[in-house]
Amino acid sequence: QVQLVESGGGLVQAGGSLRLSCAASERTFASGAMGWFRQAPGKEREFVAAITYSGWSTLNRDYRDSVKGRFTITRDNAKNAVYLQMNSLKPEDTAVYYCAASLTKAFSTIKAATTYAYWGQGTQVTVSS
């Protein structure tokens with residue numbers, strides 16, 4: 001069974017940085033979309049960032065507006081992994097962050113949670129003011 005395992009969450013002061021990692025248990029997602037979502041207490045899960053391919057090898061990234069310029073999503077297919085570098089963190093970034101993976105490129109739907117068939121267990125990110 002495919003598993004996604006996140007790591008790298010924690011407690012950080014506002015303005016600080018964290019790097020989230022997500023490792024897939026197999027190479028199934030090498031050409032598919034991978035993304036990060038988050039869910040704060042009392043709120044719905046929301047899209048944060050995603051990365052996928054358009055064409056044979058062109059990587060495309062997308063971000064929610066509130067994290068553009070602060071967060072960067074990358075992937076390493078050799079390690080079956082996706083990362084989220086989070087800089088200039090704000091208290092409103094506090095949430096459980098989930099890694100998600102799709103077997104397809106899903107270029108036009110990478111912001112939709114329904115695109116992703118596989119999810120990690122989540123990692124807590126807390127930003128103190």
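Hydrogens, waters and symmetry mates play no part in the numbers below; they use all other heavy atoms, side chains included.
- Counting Ile, Leu, Val, Met, Phe, Trp and Tyr side chains that sit under 4.5 Å apart, directly or through other members, Trp119 shares a hydrophobic cluster with Phe37, Phe47, Val96, Tyr98, Ile110, Tyr116.
- Listed by chain and number, the residues in a ring pair (Phe, Tyr, Trp, His ring centres under 6.0 Å) with Tyr118 are Phe29 (sequence neighbours excluded).
- Listed by first and then second residue, the side-chain hydrogen bond (donor to acceptor under 3.5 Å, both in side chains) pairs that reach into residues 32-44 are Arg38-Glu46, Arg38-Asp93, Arg38-Tyr97, sequence neighbours excluded.
- Of the possible donor and acceptor atoms, none in the side chain of Ser21 sits under 3.5 Å from a partner among the backbone N and O of Tyr83.
- Exactly one residue among Leu11, Leu20, Leu84 makes a side chain to side chain contact (heavy atoms under 4.5 Å, CB included) with Val125. That residue is Leu20.
- Residues meeting the salt bridge (Lys or Arg N to Asp or Glu O under 4.0 Å) test with Lys90, sequence neighbours left out: none.
- Distance alone, capped at 3.5 Å, is enough to place a donor-acceptor pair between the Arg70 side chain and the Ser88 backbone.
- Sorted by first and then second residue, the pairs that involve residues 12-100 and meet disulfide (SG to SG under 2.5 Å), not counting sequence neighbours, are Cys22-Cys99.
- With hydrogens and angles ignored, the 3.5 Å screen pairs a side-chain donor or acceptor of Ser25 with a backbone N or O of Gln3.
- Evaluation of the salt bridge (Lys or Arg N to Asp or Glu O under 4.0 Å) rule for Lys105 yields no partner, not counting sequence neighbours.
- Here the side chains of Leu18 and Leu89 are in contact, with some heavy-atom distance below 4.5 Å.
- Contact annotation: the side chain of Gln85 approaches that of Ser17 to within less than 4.5 Å [non-hydrogen atoms, C-beta and beyond].
- Judged by distance alone, with hydrogens and angles left aside, the side-chain atoms of Glu6 form a donor-acceptor pair with the main-chain N or O of Gln121 at under 3.5 Å.
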